[in-house]
Amino acid sequence: SETFHPVSARARFGGWIWENIGIEVIAGGGVRDNDQAGLTLEASRITSIAARFQSPLDLGVKAYVLLGYGENTIDGTLEKSDFPGEETFTGGMAALGGLWPFTKSQDISLSLEFSGYLTDEDHDIAIGSLSLGLLYDF
């Protein structure tokens, strides 16, 4: 029952289907692993596809929800051995975020997002992320 905080980087690409509704693909990987009680974990691969539902600009912020499917590959080592190794967790994903535009054209924004990934009932693991980033909308 340990909590790990590996650091990862992600990129996302997408397009709008209708006004404020879009589809996006997210891909990323680990930047820094994390060690707790002799177990080291790294988020070696992160991929997702999601529908994006975004509000118009209101009070200086755009809020959004992502709903989709994701895969998280986690690589673990226990005290300098290869055990438990690499495993991929798949399932539904959801995210809640906000965008704060820097420019009048709203093409560059600061983003803050909380994501949660569901795993199947065979795994007793919760995967979540808190991310801060820049979004360029063109």
Side-chain angles (χ1 to χ4, degrees):
S1 65
E2 296 291 333
T3 300
F4 293 85
H5 302 284
V7 176
S8 62
R10 296 183 296 173
R12 60 180 69 209
F13 303 94
W16 298 108
I17 298 171
W18 294 286
E19 187 175 331
N20 297 326
I21 298 175
I23 298 290
E24 63 184 59
V25 174
I26 303 163
V31 174
R32 190 181 76 217
D33 59 16
N34 186 234
D35 181 76
Q36 298 291 328
L39 177 62
T40 302
L41 290 182
E42 177 186 13
S44 58
R45 186 173 54 90
I46 303 161
T47 56
S48 302
I49 184 164
R52 181 184 193 97
F53 304 93
Q54 183 170 292
S55 73
L57 185 65
D58 190 23
L59 301 174
V61 66
K62 295 178 185 180
Y64 65 89
V65 172
L66 297 176
L67 298 172
Y69 178 83
E71 288 186 355
N72 288 273
T73 301
I74 297 180
D75 192 11
T77 55
L78 184 59
E79 297 178 353
K80 300 182 184 180
S81 72
D82 290 337
F83 178 79
E86 189 174 87
E87 187 160 357
T88 299
F89 302 94
T90 61
M93 67 84 63
L96 178 62
L99 299 171
W100 290 266
F102 286 140
T103 60
K104 284 191 180 270
S105 63
Q106 302 176 24
D107 56 351
I108 301 175
S109 302
L110 176 69
S111 69
L112 180 65
E113 176 182 297
F114 175 73
S115 306
Y117 297 86
L118 302 175
T119 60
D120 58 62
E121 63 264 0
D122 294 337
H123 298 96
D124 186 19
I125 185 170
I127 300 173
S129 69
L130 180 63
S131 60
L132 180 66
L134 286 175
L135 181 93
Y136 177 66
D137 192 1
F138 56 92

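Values reported hereafter were calculated over all heavy atoms of this structure, with side chains retained and with hydrogens, waters and symmetry mates removed.
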Report the distance from atom [atom1] of [X] to atom [atom2] of [Y], rounding to the nearest 0.5 Å.
{"X": "Q54", "Y": "W16", "atom1": "CD", "atom2": "CH2", "result": "4.0 Å"}
{"X": "I108", "Y": "T103", "atom1": "CD1", "atom2": "OG1", "result": "5.5 Å"}
{"X": "L134", "Y": "L110", "atom1": "CG", "atom2": "CG", "result": "6.5 Å"}
{"X": "Y69", "Y": "I49", "atom1": "OH", "atom2": "CD1", "result": "11.5 Å"}
{"X": "L130", "Y": "H5", "atom1": "CG", "atom2": "NE2", "result": "10.5 Å"}
{"X": "L99", "Y": "Y64", "atom1": "CG", "atom2": "OH", "result": "5.5 Å"}

Indicate yes or no: at least one non-hydrogen side-chain atom of [X] is less than 4.5 angstrom from one of [Y].
{"X": "I74", "Y": "E42", "result": "no"}
{"X": "W100", "Y": "S111", "result": "no"}
{"X": "R10", "Y": "S131", "result": "yes"}

**OP:** Test I46 against every option in S115, S129, S8 by the side-chain contact (heavy atoms from CB on, under 4.5 Å) rule and name the one that passes.
**Re:** S8
**OP:** Let me see the working for T73 and S44 under side-chain hydrogen bond (donor to acceptor under 3.5 Å, both in side chains), right down to the final yes or no.
**Re:** CA-CA 6 Å; T73 301; S44 58; 5.1 Å; no
Original post:
Do you reckon L112 sits in the same ILVMFWY cluster as V65, going by side-chain contacts under 4.5 Å, direct or chained?
Top reply: no
Original post:
S48 and E71: side chain to side chain contact (heavy atoms under 4.5 Å, CB included), yes or no, with the steps?
Top reply: CA-CA 6 Å; S48 302; E71 288 186 355; over 6 Å; no
Subject >> Minimum-distance pair of heavy atoms, taken over all atoms of V61 and L57 >> reply: N-CD1, 3.5 Å
Original post:
Can you check side chain to side chain contact (heavy atoms under 4.5 Å, CB included) on M93 and L67, steps first, answer last?
Top reply: CA-CA 6 Å; M93 67 84 63; L67 298 172; over 6 Å; no
**OP:** Please step through side chain to side chain contact (heavy atoms under 4.5 Å, CB included) for the pair I17 and I23, ending with a clear verdict.
**Re:** CA-CA 7 Å; I17 298 171; I23 298 290; 3.1 Å; yes
**OP:** Please assess L66 against F53 for the test side chain to side chain contact (heavy atoms under 4.5 Å, CB included), listing each intermediate value before the final yes or no.
**Re:** CA-CA 6 Å; L66 297 176; F53 304 93; over 6 Å; no
**OP:** Answer yes or no: is there an ion pair linking E113 with R12, defined by an N-O contact shorter than 4.0 Å?
**Re:** yes
